[in-house]
Amino acid sequence: MFNKRIKIKDLLASDQTGQEVTVMGWVRTFRNNQFIALNDGSTNNNIQVVAELGKFDESLLKRITTGASLKITGESVPSLGKGQKLEIKAQRIEVLGDSDAEKFPLQPKKHSLEFLREIAHLRFRTNTFGAVFRVRHSLAFAIHKFFNEKGFVYLHTPIVTASDAEGAGEMFKVTTLPFDNTPRNEDGSVNFKEDFFGRATNLTVSGQLEGELAAMAFSEIYTFGPTFRAENSNTARHLAEFWMIEPEMAFYDLEDNMNLAEEFIKYIIRYAMEHNREDLEFLAQRLAEEEKALPQDKRSEMGLIEKLEFVVNNNFERVTYTEAIDILRESNHNKKKKFQYLVDKWGVDLQSEHERYLVEKHFKKPVILTNYPKEIKAFYMRQNDDGKTVAAMDILAPGIGEIVGGSQREERLDRLEARMDEMHIPKEEMWWYLDTRRFGAVPHAGFGLGFERMVLFVTGMTNIRDVIAFPRTPKNAEF
Ligand code: ATP
Ligand code: MN
């Protein structure tokens, strides 16, 4: 058997010295022709391997370069180096894959995140990305664990959809039609009858509508899958392809929905804090270093770990849109015209500068904003009795802005149809969605959490391109 190895994380966690062990990994550094720092991605900590002088061929030693992969068998011995209990005294070293030191782009030094984005295929091999992607994994796992424990059914909603009614964002078209000689109807429009599906289709922007259908049978479901938005917003918080978690629950009102979202966010953060302590400490350190370069007033008030602890231990602030508008309008920030978009009247959509002001300057904690004007929200949100607002709720997080968008859904057929008419949404195409309001409709609610925004929040990274393996953004789909 080839792979009889111990993972470096497990080896470092054990204190069993005097044993023969085999490790495999990639060389981070090789010092003095003697000390190899080997990493296998199970932890940011390297195992130190000592290749005693004189014991190995010069020709072999030459091949131990940064980035090369090795299989090493040796004895685990107590380490004299600080910060590690044991190291390996090498008996056999096998080079599994060479790495030309002249050409390998990752040097044992600090690289900028921008540079690392250009070599995203190799950046997993850095401490920062090692930590980020292990935390990302843990969060994903915790999400399934949370919903599984609550008895939610994991629903896989389609990636290719025909509905474009959601209006969540610009869609990517999916087609097998040729670009030249595109089949056309007499009036010049594209003849989608000739297309693979016989109709126009897109990549999904959200699994919510399908999620609602399943919630009307299982009571509680969640989705966790990729979503696509062709929005040309080149920001540090938008991707064209991102992962979304969308629970949808029958027999929930807006308050139940908020309670679930808050419990959920706290649960997955707590899980990462328990299972990724070392990685989070590393990322906290990284963030603190990074912020040293910033002027005092731009630095975070809390360290990363402190911030996460604060979030899991405190209630989110719950305020209505109307209250938020009053706060913003009366703020010195607004009066001194420090917002790019000044807040003057009820009904305006909140920009991310407003969201961040509320969270970071005013409340200094996560905020759940509720009951938005119906004009700035989707057709399916439940209409409140005031005739002006809908039972929406967005969760805003420090440093990020909107992290969750959700609502109680309009379960009353007449109200829903009236709203669809007002918003010119074709009811015929949505017959299946409306059917749930015809056959056993119940009060229900749900929300969408942008997974990468959550990963940003937990890791303290600042650009969404650095928390997804291969980001898809305007003019960029490399790898
Ligand atoms: P925003 O105003 O920030 O663009 P949105 O109102 O378009 O967000 P929703 O349609 O409510 O967002 O989507 C639900 C969640 O998905 C958001 O709260 C956010 O966390 C995430 N999200 C939305 N668009 C993107 C995107 N382009 N890239 C990454 N995450 C996103
Ligand atoms: Mn958007």
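Along the sequence shown, the residues carry numbers beginning at 1. All values below were derived from every heavy atom in this structure, side-chain atoms included, with hydrogens, water molecules and symmetry-related copies excluded. All values reported here derive from a predicted model rather than from experimental measurement. Atoms within each ligand, like the ligands themselves, are counted from 1 in listed order.
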Q: Determine, step by step, whether Met454 and Val467 satisfy the side-chain contact (heavy atoms from CB on, under 4.5 Å) criterion, reporting the C-alpha distance in whole Å, the side-chain angles of both residues, the deciding distance to 0.1 Å, and the verdict.
A: CA-CA 10 Å; Met454 191 68 213; Val467 298; over 6 Å; no
**Q.** Trace of the side-chain contact (heavy atoms from CB on, under 4.5 Å) decision for Val442 with Met216
**A.** CA-CA 8 Å; Val442 298; Met216 292 303 113; 3.8 Å; yes
Q: Any chance you could lay out the side-chain contact (heavy atoms from CB on, under 4.5 Å) test for Gln340 and Gln351, step after step, and finish with the verdict?
A: CA-CA 9 Å; Gln340 196 187 339; Gln351 303 294 325; over 6 Å; no
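Ligand 1 has no N or O atom lying under 3.5 Å from any N or O atom of Met244, backbone or side chain. Residue Ile464 has no nitrogen or oxygen atom sitting less than 3.5 Å from a nitrogen or oxygen atom of ligand 1, judged on distance alone. Between Leu239 and ligand 1, at least one pair of N/O atoms sits closer than 3.5 Å.
Cation-pi contact between Lys150 and Phe264: absent, since separation from the ring centre below 6.0 Å together with deviation from the ring axis within 45° is not met. Cation-pi geometry between Arg437 and Tyr433 is met: under 6.0 angstrom from the ring centre, within 45 degrees of the axis.
Compare Phe451, Phe228, Phe242 by their heavy atoms: the one nearest to atom 22 (N) of ligand 1 is in Phe242. Of the listed residues (Val404, Ile245, Ile403), the one carrying the non-hydrogen atom nearest atom 20 (O) of ligand 1 is Ile403. Between the choices Glu241, Arg237, Glu402, the shortest heavy-atom distance to atom 17 (C) of ligand 1 belongs to Glu402. Proximity annotation for atom 4 (O) of ligand 1: of Lys377, Arg472, His238, Met454, His238 comes nearest, heavy atoms only.
Residue-level proximity to ligand 1 for Glu452 is absent, since no heavy atom of it falls below 4.0 angstrom. Residue contacts with ligand 1, taken as heavy atom pairs separated by less than 4.0 Å, involve Arg453 solely via side-chain atoms from C-beta onward.
Atoms of ligand 1 found under 4.0 Å from any heavy atom of Glu231 (numbered from 1 in listed order, with element): 24 (N), 26 (C), 27 (N). Within ligand 1, counting atoms from 1 as listed, the ones closer than 4.0 Å to a heavy atom of Gly448 are 14 (C), 15 (C).
Under the 30°/60° scheme for interplanar angles, the aromatic rings of Phe124 and Phe470 are found to stand perpendicular.
Taking the six-membered ring where the residue is Trp, the centroids of Tyr252 and His444 are separated by 6.0 Å or more.
Remark: Arg412 engages Glu410 in a salt bridge, criterion side-chain N to carboxylate O under 4.0 Å.
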